[in-house]
Asks: 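Below you will find the structure I want to go over with you.
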Amino acid sequence: MPMRDLSAGPRVLLKRLRELMAEPLEPQERLDRIVRQIASNMVAEVCSVYVLRSDGILELYATEGLNKDSVHLAQLKMGQGLVGTIAASAQPLNLSDAQSHPAFRYLPETGEEIYHSFLGVPILRAGRTLGVLVLQNKAQRNYREDEVEALETTAMVIAEMIATGELKKITQPGLELDLTRAISIEADGYNEGIGLGHVVLHEPRIVVTNLLNEDSDQEIARLVESIGSLRLSIDDMLSRREVSQEGEHREVLETYRMFAHDQGWVRRMEEAIRNGLTAEAAVEKVQSDTKARMMRLTDPYLRERMHDFDDLANRLLRQLTGFSGRAFGEDFPTDAIVFARAMGAAELLDYPRANLRGLVLEDGAVTSHVVIVARAMGIPVVGQAAGVVALAENGDSAIIDGDDGQVHLRPVADLLKAYEEKVRLRAKRQEQFRALRDVDPVTRDGQRISLMMNAGLLVDLPQLAESGADGIGLFRTELQFMIASTMPKLEEQEAFYRNVLRQAAGQPVTFRTLDIGGDKVVSYFRSQEEENPALGWRAIRLSLDRPGLLRTQLRALLRASAGSQLKMMLPMVTEVSEIRAVRELMQKEVQHLSKFGHQLPRKLQFGAMLEVPALMWQLDELMAEVDFVSIGSNDLFQFAMAVDRGNARVADRFDNLGKPFLRILRDIVRAGERNKTAVTLCGEMAGKPLAAMALIGIGFRSVSMAPTAIGPVKAMLLGLDAQALAVELNQALDDHTSTVSTRELLVAFANTHNIPV
Ligand code: PEP
Ligand code: MG
């Protein structure tokens with residue numbers, strides 16, 4: 001007897017299903033014919049489809065073999081009965097005697113008591129369960145492995161039908177399917193603002209539309225070839241010099257390699273191809289199965305590995321479909337809300353800014369650099385939005401609420417309306433802030449406060465005039481380096497700084513020299529993996545060890561400010577000697593330029609950032625050495641309190657308006673007064689009206705913040721009696737016995753004096 005070709009069955013079935021999908025049928029009719037086709041092809045007496053509704057109920061949508069009257073009536077909750085168990089676990093169930101299974105639940109309306117054997121598989125899409133597909137037979141039998149596989153493959157076709165929205169027409173009025181369910185997620189607000197728009201997944205999910213193959217051997221050959229080049233590319237990445245011997249990066253690549261060589265993975269994909277799928281559909285099927293199972297894991301390490309596996313499968317999909325990266329073409333939404341697990345600052349800068357309405361992160365922390373960049377771009381950000389990426393589909397409507405830290409996916413009409421109202425109110429408030437643009441920032445008791453803005457890109461500069469800021473208090477020069485694909489040359493740097501100064505039109509600009517290293521990654525600059533990058537080889541340390549790099553930047557700054565004034569400062573200074581070392585290099589540059597007849601700046605102001613606590617015990621020496629000091633409160637807080645600013649678990653653990661940090665800041669202001677050295681602060685806290693009020697209370701007369709914060713901070717200080725606050729706040733800070741929190745004191749002060757914070 002000739003061997004039975006196992007692949008013929010599912011292949012014929014898939015071919016029939018493809019024809020059925022193409023026919024102009026009403027959805028119920030199409031589903032009915034699909035289940036009939038599956039039942040007859042797989043020699044089952046029953047074939048049924050249950051679809052997951054948004055209320056967590058699995059509803060019978062079609063059946064061949066069970067009582068037809070029970071369609072749209074028979075229901076099971078998620079986790080209830082065999083069908084609910086399959087949906088909840090995203091695993092198939094293969095039973096020769098269904099009724100003896102402890103989860104079995106008898107639904108009298110279906111008449112299923114006469115069937116003994118049972119095979120059910122989840123209907124999955126991108127790891128999400130959309131429903132359950134079931135076969136039943138009267139005789140007690142165990143379905144073979146290849147039959148389970150075949151049914152899983154068939155379930156993909158039904159998943160496609162659900163995802164296209166076709167079943168909406170036969171969904172009972174008032175109900176909806178889980179896939180289109182409105183979801184609200186509580187997260188953390190990282191940058192205020194509200195965005196209404198459409199989802200753009202940062203790691204695009206490749207939608208495989210070509211599901212069914214014509215020739216299995218040819219598809220297997222395609223798969224094998226793609227896996228071969230995938231393995232080679234991983235080996236290549238691993239052998240590169242910049243991947244050091246240890247560290248997280250290497251660990252991820254090693255995991256990729258392990259998955260890429262996993263025979264089980266390859267075998268499952270080959271099997272899916274033999275069952276009739278194209279190579280890309282097979283990758284997607286196995287990816288979805290694996291993801292659905294792994295999503296239920298609670299171990300954070302294993303969940304992280306799931307992300308690695310997912311990334312790898314996506315790479316393979318990209319190779320097979322020839323997907324060449326994100327296109328910001330015409331179909332890129334004009335109101336994009338970008339959803340990402342995590343993102344680097346440079347990646348955000350790749351997006352067309354005019355189209356961005358918000359950024360949603362599963363990770364991140366409020367002072368991480370991607371968030372700072374988003375703030376500079378003026379877009380709302382929420383972080384710690386757990387699991388949001390898997391729940392969103394490209395193009396879904398969405399609302400991001402950076403004020404309250406919420407994300408709403410596929411919002412219902414009422415919510416959308418409420419938010420439109422909220423946006424209108426906000427716009428009105430913005431209007432009021434804009435009206436303050438030309439009002440001098442003077443407190444009620446006559447203290448002039450200099451309000452500067454932070455910037456780092458040319459696109460930020462129009463905000464200088466729009467916000468009414470007094471100048472740029474922090475220009476993060478590293479951003480130009482982070483968005484470039486190669487190291488910017490002297491001429492490029494010079495042209496860039498010249499452009500900044502031209503656009504600032506005479507307003508002061510404080511350039512900070514390169515602050516790379518740590519989490520500010522510059523792809524073309526090779527550095528070693530570090531165990532504690534924040535404490536590592538970064539900022540001024542790196543600049544002093546690579547004097548060529550620093551001298552080029554100093555030369556570019558000097559040349560760009562020829563004939564006018566240059567104000568610059570150094571990041572992450574730990575000892576005063578570092579400032580002297582940079583001054584020496586600066587001197588060399590000045591001599592060099594004079595020797596070759598270049599015009600020099602008319603005035604040079606040289607400053608240091610105070611970010612490392614060790615400088616607290618060198619304040620007088622420091623101030624003798626510089627023209628001004630600018631406190632980087634993001635880093636100073638991180639180092640003073642020993643909390644990683646990028647780690648949401650600890651970043652907010654201690655209060656930056658608590659006594660310890662306010663005392664630190666006050667000591668610096670007092671040293672400034674003693675030494676007649678200007679002191680300013682340019683970390684994120686300056687942009688929060690309540691914190692800015694506290695800063696004025698302890699003596700600051702100059703602060704620098706994101707441009708969108710200028711209006712709210714100005715509105716605050718116009719109503720503030722700085723002297724009255726200074727008295728109360730200083731008293732509290734000098735009191736070593738009281739346990740009253742300084743934050744509460746500040747809130748109470750603002751309330752009693754009607755100060756908008
Ligand atoms: C800071 O540390 O407060 C600061 C302004 O610098 P950055 O956020 O760029 O590290
Ligand atoms: Mg810093």
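Remember, it's 1-based here, ligands and their atoms both numbered in the order they're listed. No experiment lies behind these values; they were computed from the predicted model shown.
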Asks: Give me the ring orientation class for Tyr351 and His202: parallel if the planes are under 30° apart, tilted from 30 to 60°, perpendicular past 60°.
Replies: tilted
Asks: Both conditions, 6.0 Å and 45 degrees, for the charged tip of Lys567 above the ring of Phe628: are they met here?
Replies: yes
Asks: Starting from atom 10 (O) of ligand 1, find the nearest protein heavy-atom neighbour and note its residue, name and distance.
Replies: Arg645 NH1, 3.0 Å
Asks: Is it the case that Glu684 and Ser633 place a side-chain donor and acceptor less than 3.5 Å from each other?
Replies: no
Asks: At a 4.0 Å threshold, what atoms of ligand 1 neighbour a non-hydrogen atom of Asp635?
Replies: 1 (C), 2 (O), 3 (O), 10 (O)
Asks: Can you sort out which atoms of ligand 1 are near Gly683, meaning under 4.0 Å from one of its heavy atoms?
Replies: 3 (O)
Asks: Please name the atom of Glu611, limited to N, O or S, that comes nearest to the Mg ion (ligand 2).
Replies: OE2
Asks: Does Arg583 come within less than 4.0 Å of Glu625, counting only side-chain N to carboxylate O?
Replies: yes
Asks: Show which atoms of ligand 1 fall inside a sub-4.0 Å distance from at least one heavy-atom site of Leu474.
Replies: 5 (C)
Asks: Which residue owns the protein heavy atom closest to atom 3 (O) of ligand 1, what's the atom, and how far is it?
Replies: Asn634 N, 2.7 Å
Asks: So does Arg476 pair up with Asp515, basic N to acidic O under 4.0 Å?
Replies: no
Asks: With heavy atoms under 4.0 Å as the rule, classify the contact between Ile631 and ligand 1 as side chain, backbone, both or neither.
Replies: neither
Asks: Counting each atom of ligand 1 from 1 as listed, which ones have a heavy atom of Gly632 under 4.0 Å away?
Replies: 1 (C), 2 (O), 3 (O)
Asks: Under a 4.0 Å heavy-atom limit, does Glu684 contact ligand 1 with its side chain, its backbone, both, or neither?
Replies: neither
Asks: Is it true that Arg666 and Asp734 have a side-chain N and a carboxylate O under 4.0 angstrom from each other?
Replies: yes
Asks: Give me the residue, atom name and distance of the protein heavy atom closest to atom 6 (O) of ligand 1.
Replies: Arg512 NH1, 2.9 Å
Asks: Among all protein heavy atoms, pick out the one at the shortest distance from atom 2 (O) of ligand 1; state its residue, atom name and that distance to 0.1 Å.
Replies: Glu611 OE2, 2.8 Å
Asks: Please determine if Arg645 forms a cation-pi arrangement with Phe637, meaning its NZ or CZ atom is less than 6.0 Å from the six-membered ring centre and no more than 45° off the ring axis.
Replies: no
Asks: Do any N/O/S atoms of Asp635 come under 2.8 Å of the Mg ion (ligand 2)?
Replies: yes
Asks: If I compare all heavy atoms of Ala556 with all of Glu494, which pair ends up nearest, and what's the gap?
Replies: CB-N, 3.7 Å
